[in-house]
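Here's the structure, in structure tokens; my notes come after.
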Amino acid sequence: MRSFLFVPADSAKKLDKAMTSGADALIVDLEDSIALEGKMRARASAAAFLKDAAGTAPRPSILVRINGLQTGLADADLDAVAPAKPEAIMLPKAEGGVAVIHAGAKLAVREALSGLPDDHIKILPIATETAKALFVAGTFAGARARLMGLTWGAEDLSAELGAHANRDAQGHFLDPYRLARTLCLAGAAAAAVSAIDTVYVDFRDEQGFRRECEEALRDGFSGKLAIHPAQVPIINEVFTPSPQALARAQAIVDAFAKNPGAGVVAIDGVMYDRPHLARAMRLMANGTKAKS
Ligand code: COA
Ligand code: MG
């Protein structure tokens, strides 16, 4: 999946609009975009939306961002939404694989009550929102059965670090957040799941957003979070492999298939070895997924 669009759970209008946004997945938010007084109403609205959407096909995957395990709100969030069977829960402020196992145990109880098999509802953790989380970003492999991928966040982390900004004047992330981004990439690769790049809040800046999508693709992310429908087509375009890229990947795969014992092949005067083959196969898999 390439594009994940955040939608505040208390906005019927945005939920409706999001369904036809073209996003591969929607993230119905019960956390930061909902004030404390509004949590109960938002939970009911999220559950009703999930039930309505269940009958619609084709439709985006639907995730629900619950409140963090530290808040005391997560159990009531799960009680409300798990019976409505979201594809996944987004877990904010996740501190390593232990947090996923903890949230997974909570889900397992609700899955049993709703007649769902174990590990049916996946988890997409936001893996870098606290200082502690940075030090355990490499521990997600043990929780792999629940993982939909790994994503990262800079807003809560900058608040915790006491920073005044997380981007420079040109809109590029500053060092602590570049580290968090890299730890998300490495943590996802170590757990053999997809890495999804974080939000770009300046939603009128199309050029800056496109640049950040291209940098994310270049570095190994397979998709990006969106906060506004206008960001969705840009994500889908950038993260869908071009016909040229697919043809090049196919040529690499074919060259190795013709030379099964070879560690290295040459195509049009360029050397390709085993890591190139792995990359080509991954690109072709992403191309197939983008079409489905
Ligand atoms: N999902 C679905 N629809 C959305 C949307 C979203 N995330 N963001 C905006 N829209 C809709 C608006 O309702 C509006 O609909 P309309 O044309 O029928 O009136 C249209 O898209 C254009 O919106 P626009 O006027 O450009 O923006 P806005 O001022 O209404 O909204 C935000 C700006 C930031 C409040 C809004 O984009 C938003 O709520 N984003 C998600 C916030 C969130 O979930 N944050 C938590 C994760 S960080
Ligand atoms: Mg947050």
Side-chain angles (χ1 to χ4, degrees), residues 2-36 38-39 41-43 45-46 48-50 52-53 56 59-74 77 81 86 88-95 99 103 123-134 150-163 166-167 173 176-177 180-181 184 196-206 208-209 212 216 223-236:
R2 305 156 297 177
S3 49
F4 294 72
L5 174 62
F6 271 112
V7 199
D10 61 358
S11 170
K13 185 178 139 193
K14 287 180 192 165
L15 288 168
D16 193 42
K17 215 176 164 76
M19 283 292 277
T20 55
S21 63
D24 296 328
L26 310 183
I27 306 167
V28 180
D29 189 27
L30 296 176
E31 198 214 14
D32 289 344
S33 70
I34 306 293
L36 194 56
K39 299 286 185 195
R41 202 169 67 85
R43 285 179 192 126
S45 160
F49 174 67
L50 276 161
D52 273 0
T56 314
R59 64 164 176 86
S61 293
I62 302 177
L63 290 74
V64 177
R65 179 163 74 169
I66 62 168
N67 292 278
L69 295 172
Q70 308 87 337
T71 60
L73 299 167
D77 292 344
V81 300
I89 294 299
M90 173 178 256
L91 184 64
K93 301 182 181 71
E95 294 179 337
I123 297 179
L124 179 61
I126 313 183
T128 67
E129 287 193 307
T130 70
K132 185 183 163 197
L134 299 181
L150 225 58
T151 187
W152 73 283
E155 306 304 325
D156 291 87
L157 181 61
S158 51
E160 183 163 318
L161 295 179
N166 52 33
R167 292 174 183 267
F173 276 119
Y177 315 97
R181 177 180 182 274
C184 171
I196 309 297
D197 195 27
T198 195
V199 295
Y200 189 82
V201 293
D202 190 356
F203 59 86
R204 304 266 183 245
D205 176 11
E206 189 184 318
F209 183 71
E212 203 162 274
K224 189 164 173 71
L225 305 179
I227 52 154
H228 191 283
Q231 295 179 327
V232 169
I234 301 174
I235 300 177
N236 289 350

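Ligands are counted one by one from 1 in listed order, and the atoms in each one are counted from 1 as well.
Taking 4.5 Å as the limit, every side-chain heavy atom of L30 sits out of range of all side-chain heavy atoms of L73. Taking 4.5 Å as the limit, some side-chain heavy atom of L150 sits within range of a side-chain heavy atom of P125.
To the nearest 10 degrees, the angle centred on the Mg ion (ligand 2) between OD2 in D32 and OD1 in D156 reads 130°.
Ligand 1 places these atoms under 4.0 Å from at least one heavy atom of D29: 46 (C). When each atom of ligand 1 is checked for a heavy atom of F203 under 4.0 Å away, the hits are 33 (C), 34 (C). Of all the atoms in ligand 1, the ones that sit under 4.0 Å from a non-hydrogen atom of P8 are 39 (O), 41 (C), 44 (O). Residue K13 has at least one heavy-atom neighbour below 4.0 Å for each of these atoms of ligand 1: 13 (O), 15 (O), 16 (P), 18 (O), 19 (O).
Among the atoms of V199, none of the N or O lies under 3.5 angstrom from an N or O of ligand 1. On a distance-only criterion, R204 and ligand 1 share at least one N/O pair closer than 3.5 Å. Residue contacts with ligand 1: I227 is placed with a nitrogen or oxygen under 3.5 Å of a nitrogen or oxygen of the ligand (distance criterion only). By the 3.5 Å distance cut-off applied to N or O atoms, H228 is counted among the residues near ligand 1.
Atom CG of D77 and atom CD1 of I89 lie 8.5 Å apart (nearest 0.5 Å). Distance CD1/I227 to CG/D202: 8.5 Å, rounded to 0.5 Å. Note that the CG atom of D29 and the CZ atom of R65 stand 4.0 Å from one another [nearest 0.5 Å]. M90 CE to I196 CD1: the interatomic distance, rounded to the nearest 0.5 Å, is 9.0 Å.
Given atom 30 (O) of ligand 1, the protein heavy atom at minimum distance is K14 CE, 4.5 Å. Distance from atom 45 (N) of ligand 1 to its nearest protein heavy atom, with residue and atom name: S33 CB, 3.9 Å. The protein heavy-atom contact nearest to atom 7 (N) of ligand 1 is F6 O, 2.8 Å. The closest protein non-hydrogen atom to atom 5 (C) of ligand 1 is P229 CD, 3.3 Å.
Shown are T128, D197, T198; of these, the side chain to side chain donor-acceptor pair (under 3.5 Å) with W152 is made only by D197. Screening K93, Q70, E95 for a side chain to side chain donor-acceptor pair (under 3.5 Å) with T130, the sole residue that qualifies is E95.
Taking a distance limit of 4.0 Å, we find that atom 28 (P) of ligand 1 is approached by no protein heavy atom. Distance screen at 4.0 Å: atom 39 (O) of ligand 1 has a protein heavy-atom neighbour inside the cut-off.
Of all the heavy atoms in V201 and E155, the pair that sits closest is CG1-OE2, 4.3 Å.
The number of heavy-atom neighbours closer than 6.0 Å to CZ of R59, taken from other residues, nucleotides and ligands shown, is above 12.
Of the options Q231, K17, M19, R65, the smallest heavy-atom separation from atom 17 (O) of ligand 1 is shown by K17.
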